[in-house]
Amino acid sequence: LTSSQDGMSLFTASGDGAIKKWNVAEGKLLGRFDDAHTYHVSAIAISSDGMTVASGDQDGALGLWNGDDVGTYLRAISGAMSYAQGANISALALSPEGQTLISGDGDGVIKMWSTADGELIRSMETAQENTVRPLAFSPDCTKLVSGDKGGINTWNAADGELLHFLRRAHESDVNSLAFSPNGNFLVSSCEEGIIKVWCCVSNNELLKIDGAQWNPLNSPTFSPNGFL
């Protein structure tokens with residue numbers, strides 16, 4: 001599931017291939033994308049303005065949807081099946097301005113796509129070739145981060161160069177990654193409930209919170225004013 005930036009709408013995906021949009025305040029179903037996918041929807045993401053929804057399934061298919069006009073299909077991502085047949089789309093993220101989609105799969109491959117025409121921009125491979133779990137763009141779209149089996153990768157969004165790799169950022173699978181509004185800090189969480197805050201300049205760990213009582217903690221994030 002994923003929510004709009006204003007917290008007013010929630011999008012959920014299910015095993016029958018459907019995507020649903022909900023009003024958070026009322027718990028009311030606003031609409032649904034029926035038959036969005038043939039296979040189980042394994043990842044979903046929404047743009048900052050809530051206008052674009054991206055979805056991926058367990059067979060490597062990717063699609064873009066109009067998040068405002070519920071049920072309107074925008075386009076398939078051309079070449080998405082360059083993923084091996086049956087490849088599981090494990091993570092998705094849309095850039096803040098909605099022009100770029102990144103996807104990750106079970107073999108540690110990250111792909112960057114143009115949402116304007118659905119074409120592949122580039123492919124990147126993680127250092128450990130583990131399942132790509134969370135993905136996130138920096139607010140200025142210059143960097144993107146990916147998490148896997150305990151590691152965090154930082155990439156140059158312009159050319160796909162790996163800038164930094166934290167091999168043992170966590171002792172278990174990384175669940176979530178989120179930048180602060182100014183892009184100076186990154187918060188991560190793992191399956192064991194540990195939350196960490198990192199400096200995006202030095203890549204040093206600044207804060208560690210043992211949230212084991214919330215295990216697993218899926219999505220800590222920063223508020224618009226920069227509070228965790």
Side-chain angles (χ1 to χ4, degrees), residues 1-4 9-24 27-47 50-95 98 100-113 115 118 120 123-126 128-137 144 146-150 172-178 189-191 215-219:
L1 56 83
T2 187
S3 62
S4 58
S9 302
L10 179 70
F11 291 84
T12 61
S14 56
D16 62 0
I19 299 171
K20 299 176 182 179
K21 181 180 181 180
W22 305 84
N23 179 293
V24 173
K28 179 182 177 181
L29 179 64
L30 299 176
R32 55 188 294 152
F33 311 111
D34 284 314
D35 302 318
H37 288 268
T38 304
Y39 294 87
H40 179 92
V41 180
S42 51
I44 188 170
I46 186 171
S47 59
M51 297 300 293
T52 305
V53 176
S55 58
D57 67 25
Q58 291 183 333
D59 199 47
L62 289 168
L64 293 174
W65 308 84
N66 188 319
D68 187 48
D69 185 10
V70 181
T72 300
Y73 182 65
L74 297 178
R75 66 183 57 85
I77 297 296
S78 176
M81 288 310 297
S82 56
Y83 280 113
Q85 186 173 5
N88 179 29
I89 303 298
S90 56
L92 292 172
L94 281 157
S95 59
T100 307
L101 171 70
I102 47 174
S103 61
D105 71 6
D107 295 320
V109 177
I110 297 171
K111 295 190 176 185
M112 183 179 291
W113 312 86
T115 59
L120 179 66
S123 294
M124 299 162 281
E125 293 189 10
T126 60
Q128 294 180 301
E129 298 184 359
N130 292 319
T131 297
V132 179
R133 298 186 183 277
L135 290 165
F137 273 97
L144 60 92
S146 63
D148 50 45
K149 196 175 181 63
S172 60
D173 291 347
V174 179
N175 274 342
S176 69
L177 294 167
S189 70
C190 70
E191 287 285 347
N215 182 25
L217 187 65
N218 290 321
S219 54

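Quick note: numbers below take in every heavy atom, side chains included, and nothing from hydrogens, waters or symmetry partners. When a residue number appears, it is its place in the shown sequence, counting from 1. Computed from a predicted structure; not experimentally measured.
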Nearest 0.5 angstrom please: Cys190 SG to Lys149 NZ, how far? 11.5 Å
Are a donor atom and an acceptor atom from the side chains of Ser176 and Ser189 found within less than 3.5 Å of each other? yes
Evaluate the criterion side chain to side chain donor-acceptor pair (under 3.5 Å) for residue pair Ser42 and Asp57; output intermediate values, then yes/no. CA-CA 5 Å; Ser42 51; Asp57 67 25; 6.0 Å; no
Go through the steps to decide whether Thr100 and Phe137 satisfy the test side chain to side chain contact (heavy atoms under 4.5 Å, CB included), and finish with yes or no. CA-CA 10 Å; Thr100 307; Phe137 273 97; 3.9 Å; yes
Are the side chains of Ile110 and Thr126 in contact, using a 4.5 Å heavy-atom criterion? yes
Intermediate values then yes/no, side chain to side chain contact (heavy atoms under 4.5 Å, CB included), Trp65 and Thr72: CA-CA 6 Å; Trp65 308 84; Thr72 300; over 6 Å; no
Any donor-acceptor N or O pair under 3.5 Å, side chains Ser103, Trp113: yes
For Thr2, side-chain contact (heavy atoms from CB on, under 4.5 Å) partners two or more places apart: Phe11, Ile44, Ile46
What's the shortest heavy-atom distance between Asn66 and Asp68, and which atoms? OD1-N, 2.8 Å
Flag side-chain contact, heavy atom, 4.5 Å: Trp22 against Ser9: no
Residue pair Leu94 / Ser47: nearest heavy atoms and the distance that separates them: CD1-N, 3.4 Å
Which pair of heavy atoms, one from Leu135 and one from Ser146, lies closest together, and at what distance? CD2-CB, 3.5 Å
Looking at Arg75 and Gly118, what are the two nearest heavy atoms and their distance? CD-N, 4.0 Å
When rounded to the nearest 0.5 angstrom, what distance separates CD in Gln58 from NE2 in His40? 5.0 Å
Under a 4.5 Å cut-off applied to non-hydrogen side-chain atoms, are Arg133 and Asn175 in contact? no
Quick check on side chain to side chain contact (heavy atoms under 4.5 Å, CB included): which of Val53, Ile102, Leu62 does Leu92 satisfy it with? Leu62
Do the non-hydrogen side-chain atoms of Leu10 and Asn23 ever get within less than 4.5 Å of each other? no
Within-4.5 Å side-chain heavy-atom neighbours: Met112 and Leu101: no
Partners passing side chain to side chain donor-acceptor pair (under 3.5 Å) against Ser3 (at least two apart in sequence or in another chain): none
Hey, are the side chains of Asp148 and Val132 touching, using non-hydrogen atoms and a 4.5 Å cut-off? no
Could you tell me whether a side-chain N or O of Lys21 sits under 3.5 Å from a main-chain N or O of Gly67, the two making a donor and an acceptor? yes
Rounded to the nearest 0.5 Å, what separates atom CD1 in Ile89 from atom CG in Asp105? 6.0 Å
Closest heavy-atom pair and its distance - Val41, Ser55: CG1-CB, 4.3 Å
